[in-house]
Structures are given as structure tokens and as C-alpha cells.
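These notes concern the structure reproduced below.
All values reported here derive from a predicted model rather than from experimental measurement. Count residues from 1 along the sequence. Any value given below was found using the heavy atoms of this structure, including those in side chains, with hydrogens, waters and symmetry copies removed. Atoms within a ligand are numbered from 1 in the order they appear, just like the ligands themselves.
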Amino acid sequence: MKFDIVTIFPRMIDAGLEEGVVGRARERGLLDIAVHNLRDFTTDRHHVVDDVPFGGGPGMVMKPEPLFAAMAAIVERRGQPGAVVLLTPAGRPFSQGEAKRFAALGHVAVLCGRYEGIDERVRERWATDEVSIGDYVLSGGELPALVVIDAVARLVPGVVGDDQSVEGDSFERGLLDFPHYTRPADFAGMRVPEVLTSGHHGEIRRWRRRQALRRTFERRPDLLETAVLDDEERGWLREWNATRARTE
Ligand code: 4GX
């Protein structure tokens, strides 16, 4: 999987991609990630990347020329990406489904904006996808870019050691995760649920499914609209809904 990131803060991107499973996957050659410093694509003495907005108003806008030059260089040196992703609060909400789509493309370029945003002509010519990581305002697209790259990279075969671990990820199943415990079985009187130490693997799986569903029911009922459930899980939901209806 190939990524190209365009930013005025390349060290911020580098730092976020050096650690953990993504860092190790890069070392192993599973991920080919190139970070491009936008200032390298300026032609003026002071490496200026922003300018005042036409029409007036506060803040600055990223100039089109360096961004066009960076994208042209990426296509030339690295090939045509399957997607050019612009991080912006005005984008489609990022999701596990979007991450899967990007992973399947094999080569993704990511544009990190700063200031009030980028010249609209960059978006028109280059952006194939506009993505938001959530409804809050950040100072730039670098942190969202790291979020997107991390979520996509984990879906590349071999990046996460254990494929079953990815399949079990909460949003892969459309439900929140179940609670996890490790040793000691008794920590200052706080005991691990007995079923987990019972060795009854069928009962453990059942308990975990029920806990995952219960958490989703309580915290993120919106996810239940699209979750794939079996008969037993639908039965649990019916019970919990009936209890809620009776106590309201
Ligand atoms: N999810 N920001 C981008 C500057 C900007 C604005 C418009 C391009 C177009 C954000 C988010 C986010 C703040 C990153 C504004 N660049 N991005 N930046 N939330 O808040 O993705």
C-alpha cells in the first residue's frame, strides 16, 4: 500500500508514523509512505505557501501553485493515486467503510490543509474525496491524515500481526467491543467475570457477544440499525427494549 502526504509540517506526520504497527509495517516494506514538504514546491525566496483571501476577510488561504506542483510531482514520481483525499470539516464522515474502500485502491494521496483552507481550484482539479474525521475544528489536516492512514494501513494484509484481531475489531462487526481483562483474576477485590476463567469457550463467546451488544444498545444504539445480528442477539435486544419500555 502506497501513501503520499502533502503538508507544511512533515515532522508531525513522520512522528505519527514511526511508532507501533504502522512503523513496523513500514520497516517490513508493507507500507510505502512518502511525506512531501509543501515548501519544497515553492519557487519564491521565502517559500510562501499562503496568501490573503480574495474578497477580504480574516485568515489566509493556501496558494494553488505549490499544491499543483506537489501533486504533479507525486503523479510523475510515484504514479497516479487511486484517490486524492482532502481532510476538511466539510467532508464526508470518515468510517470503517471508507477505510476499506481506500485500502482496496492501493495508492492514496492525502492533502493536509492549514489556515482557513485551500484555494478551491486545488479541490476541483485534484481532490477525489473530501473526508472529515469528526465535527470539531482542528488547526490543520495533519492529525486527520494520521487518523485516516492508520485506519487504512491496519487493513493491509500483514500490517496487524493477527488477521483475526482485525476481523474482531469493533467496527468490523458493526458493534462496540466487549470488555477485556487480564491477570490478576482478583485485583484489590475487583474480580474478573467467572465465565472468562471457566474454560467454557462456547459460553465465553456467548458472554462477549452479549456484552458487545449491551454496550452498543446503551452507548451507540444508532449502530444497531446496520449491525448484522443472529436470532439470539435479536432476542436479547427484544428483552432489553421491553425492560426499557416497562420502566419508562
Ligand atoms: N476533519 N480541519 C483542515 C484547514 C482546511 C479547511 C478546509 C482544507 C479545507 C478537520 C476535521 C479539521 C481544520 C483540518 C481546518 N483545509 N479535517 N483545516 N475535523 O477540522 O478533517
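- Contact annotation for Ser132 and ligand 1: heavy atoms of both the backbone and the side chain come within less than 4.0 Å of the ligand.
- Within the 3.5 Å criterion, the main-chain N or O of Arg220 finds no donor-acceptor partner in the side chain of Arg215.
- Counting protein heavy atoms only, atom 3 (C) of ligand 1 is closest to Leu87 O, 3.6 Å.
- Distances below 4.0 Å separate heavy atoms of Gly140 from the following atoms of ligand 1: 3 (C), 14 (C).
- Taking distance alone, with nitrogen or oxygen atoms compared against 3.5 Å, Ile133 approaches ligand 1 more closely than that limit.
- Given atom 13 (C) of ligand 1, the protein heavy atom at minimum distance is Leu138 O, 3.1 Å.
- Ion pairing between a basic and an acidic side chain is recognised when a charged N comes within 4.0 Å of a carboxylate O; Lys100 and Glu172 show such pairing.
- Here the heavy atom of the protein found nearest to atom 6 (C) of ligand 1 is Gly117 CA, 3.5 Å.
- Taking the six-membered ring for Trp and thresholds of 30 and 60 degrees, Trp207 and Tyr181 have ring planes inclined between 30 and 60 degrees apart.
- Nearest non-hydrogen protein atom to atom 2 (N) of ligand 1 is Pro89 CD, 3.8 Å.
- Which parts of ligand 1 touch Gly134 is read off a 4.0 Å heavy-atom cut-off, strictly below it: atoms 19 (N).
- Under the 6.0 Å distance and 45° angle rule, Arg214 counts as a cation-pi partner of Trp240.
- Closest protein heavy atom to atom 16 (N) of ligand 1: Gly113 CA, 3.5 Å.
- The salt bridge (Lys or Arg N to Asp or Glu O under 4.0 Å) test with Glu232 is passed by exactly one of Arg210, Arg206, Arg238: Arg206.
- Checking Glu130 against Thr88 by side-chain atom types alone, no donor-acceptor pair falls below 3.5 Å.
- With hydrogens left out, the protein atom closest to atom 21 (O) of ligand 1 is Thr88 N, 3.5 Å, a heavy atom.
- Ligand 1 has Glu116 within reach: a non-hydrogen atom of the residue lies less than 4.0 Å from it.
- Residues Asp4 and His107 bring a donor and an acceptor atom of their side chains to less than 3.5 Å of each other.
- Against a heavy-atom cut-off of under 4.0 Å, Gly141 is close to the following atoms of ligand 1: 3 (C), 14 (C).
- Looking only at side-chain heavy atoms (C-beta outward), Pro81 and Val108 stay at 4.5 Å or farther from each other.
- The atoms of ligand 1 that sit less than 4.0 Å from any heavy atom of Val137 are 20 (O).
- By the 3.5 Å distance cut-off applied to N or O atoms, Tyr136 is counted among the residues near ligand 1.
- Side-chain contact check for Leu17 versus Leu31: every heavy-atom pair is 4.5 Å or farther apart.
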